[in-house]
Amino acid sequence: MADKAPGQTAISPECAEDGVSNWPAVQYDVSPYRTYHFFHQFRTNESNPNNFLKGVKWSPDGSCFLTCNEDNTLRVFSLPYNDIGGPDAPTSPPDSDSYEPNVVVSEGESAYDYCWYPFMSASNPDLCVFATSTRDHPIHLWDANSGQLRCTYRAYDAMDEITAAFSIGFNPGGNKIFAGYNKAIRIFDVHRPGRDFEQHSTVLGNKEGQSGIISSIAFSPTSSGMLAAGSYNQTTAMYREDNMELLYVLHGQEGGVTQVQFSKDGNYLYTGGRKDPYIICWDIRKSVDIVYKLYRSTEGTNQRIQFDIEPLGRYLGTGGQDGLVHIYDLQTGEWVSSFQAALDTVNGFGFHPFLPMAATSSGHRRYIALDDSEEYKTLSGDENCVSIWSFYSSGGGDAVEGVADVSTFKLGDLLLLN
């Protein structure tokens, strides 16, 4: 059994559920303040500015977050529970990182996708795992405490060679891994590592269905048993989880789909694509209806630009090439506010599972000409960086009773120490 990382905390399911129910009335029209900042450790080579971030994802229990870099490295950072900052916290980046990661995992090739185990809990080391998919490699299951490889799940092509998954996701029950490939989805049993899997073609015998590379997978948060799969051929398809029956295909994205996410009530689906400036909201009860489109600055990049929905399901946040995070009201589809998160592309954004906080990651590939290489040798602290942000809450009557201000809403109040 791997030892627990120093200083790591555990959150009980009861505490997490109570955290969502006690979510304060967050003032998204007010710019948040930066609580923690990380950039120095991503400067592996000062003359190479291309070790950019590829995204950031909170663990389901909120105790830590996971980052992915161009240098094939993933890092796990714990969230200190005894100090989440206050309104007077400095907003400028310090000269050094706020703290070091608990775990650093090095993959052999470029990472395509990564995700947390849905029941991850720092109080149970057996559940502290995350999965990754990298080029020319099988799916890996990593121990988030020790950084050791737990299991591998291998898929083979017609030539009996290992083929890599372009997207991965655990089902809500946590017993299966769904992986996206070219015109196919393969399903692995979490408890049976190796080369055993179910294969389902996304193209039907009459050439209908969903073609292209399956680039993103998401499951409905309700008990509907539906999953959505995005493809680089600009389509999103809805399937039944139990038998992978194709229900319908959604058309309308201008670029290849890079992310799909359900609303908290499972009635709406949000999709975003590369070189596509809009996140599309679909009413999946009326499969052909586009409810509205949310703008973001992504029309000039092939990167995955993450968006996320807050725990109560009312607001959506997304990054973009302009370095801004835009917040939208999902009830109206209207823009609420934006704040400057970095000086380059904000490619990762995620709300904390139950605290009024968010994480951002930034960076993009820089093409350096021989005559201007000096310009890129040194990046500022607001480039190729990860930041943790804290939102202000309403001090008026709109605030949830007992939680009047975010500065008094401590993570330690919701954590169960081991």
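In this text, all values refer to a predicted model and were calculated from it rather than measured experimentally. Only this structure's heavy atoms are used, side chains among them; waters, hydrogens and symmetry mates stay out.
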Does the side chain of [X] pick up a donor-acceptor pair with the side chain of [Y] at under 3.5 Å?
X      : Y      : answer
Asn233 : Gln210 : no
Ser110 : Arg135 : no
His37  : Ser98  : no
Ser167 : Asp113 : no
Asp157 : Thr163 : no
His140 : Glu107 : yes

Classify the ring geometry of Tyr315 against Tyr28: parallel below 30°, tilted from 30° to 60°, perpendicular beyond 60°. tilted
All heavy atoms of Ala164 vs all of Ser133, minimum pair found to be C-OG, 4.4 Å
If you take all heavy atoms of Gly317 and Phe349, which pair is closest and at what distance? O-CD2, 3.4 Å
Please determine whether side-chain contact (heavy atoms from CB on, under 4.5 Å) holds for the pair Tyr270 and Ser263, giving the CA-CA distance in whole Å, both sets of side-chain angles, and the decisive distance to 0.1 Å. CA-CA 7 Å; Tyr270 297 87; Ser263 62; 4.0 Å; yes
Could you tell me if the side chain of [Y] sits less than 4.5 Å from the side chain of [X], heavy atoms only?
X      : Y      : answer
Ser231 : Val257 : no
Pro193 : Thr152 : no
Arg195 : Pro138 : no
Asp97  : Phe39  : yes
Asp189 : Glu198 : no
Cys64  : Leu79  : no
Pro101 : Phe77  : yes
Asn384 : Asn69  : no

Treating [X] as the side-chain partner and [Y] as the backbone partner, does any N or O pair qualify as donor plus acceptor under 3.5 Å?
X      : Y      : value
Gln340 : Ala342 : yes
Thr222 : Gly266 : no
His364 : Phe52  : no
Tyr328 : Thr318 : no
Gln303 : Asn347 : no
Ser337 : Ile327 : no
Asp382 : Leu343 : no
Arg304 : Thr258 : yes
Trp58  : Gly350 : yes
Thr134 : Glu109 : no

To the nearest 0.5 Å, tell me how far [X] [atom1] sits from [Y] [atom2].
X      : Y      : atom1 : atom2 : result
Ile187 : Asn171 : CD1   : CG    : 8.5 Å
Asn102 : Asn145 : CG    : CG    : 8.5 Å
Met120 : Asp61  : CE    : CG    : 4.5 Å
Thr202 : Met244 : OG1   : CE    : 8.5 Å

With sequence neighbours left out, write down each residue that passes salt bridge (Lys or Arg N to Asp or Glu O under 4.0 Å) with Lys54, or none if nothing qualifies. Glu70
Residue pairs, two or more places apart or on separate chains, that pass ring pair (Phe, Tyr, Trp, His ring centres under 6.0 Å) and touch residues 232-268: none
Please collect all ring pair (Phe, Tyr, Trp, His ring centres under 6.0 Å) contacts where either partner lies in residues 161-187, sequence neighbours excluded, each pair once. Tyr112-Phe166, Tyr117-Phe170, Phe178-Phe219
With a 6.0 Å cut-off on the ring centroids, do Phe38 and Tyr99 count as close? yes
Tyr156 vs Ile162, test: side-chain contact (heavy atoms from CB on, under 4.5 Å). Steps then yes/no. CA-CA 5 Å; Tyr156 291 82; Ile162 289 180; 3.7 Å; yes
Can you list the steps and then say if Lys275 with Glu254 is a side-chain contact (heavy atoms from CB on, under 4.5 Å)? CA-CA 8 Å; Lys275 287 193 173 181; Glu254 296 179 11; over 6 Å; no
Contacts of type side-chain hydrogen bond (donor to acceptor under 3.5 Å, both in side chains), residue Gln253, not counting sequence neighbours: Thr271, Asp276
Could you pull out all residues at least two apart from Asp242 that satisfy side-chain hydrogen bond (donor to acceptor under 3.5 Å, both in side chains)? Arg240
Residue from Trp389, Phe339, Tyr392, Phe391 passing ring-ring contact (aromatic ring centres under 6.0 Å, His included) with Tyr33: Tyr392
Residues 317-337 vs salt bridge (charged side-chain N to carboxylate O under 4.0 Å, His left out), sequence neighbours excluded, gives Arg314-Asp329
Pair Ser362-Asp344, side-chain hydrogen bond (donor to acceptor under 3.5 Å, both in side chains): steps then yes or no: CA-CA 6 Å; Ser362 77; Asp344 51 4; 2.9 Å; yes
Is the number of heavy atoms from other residues, nucleotides or ligands within 6.0 Å of NZ (Lys264) greater than 12? yes
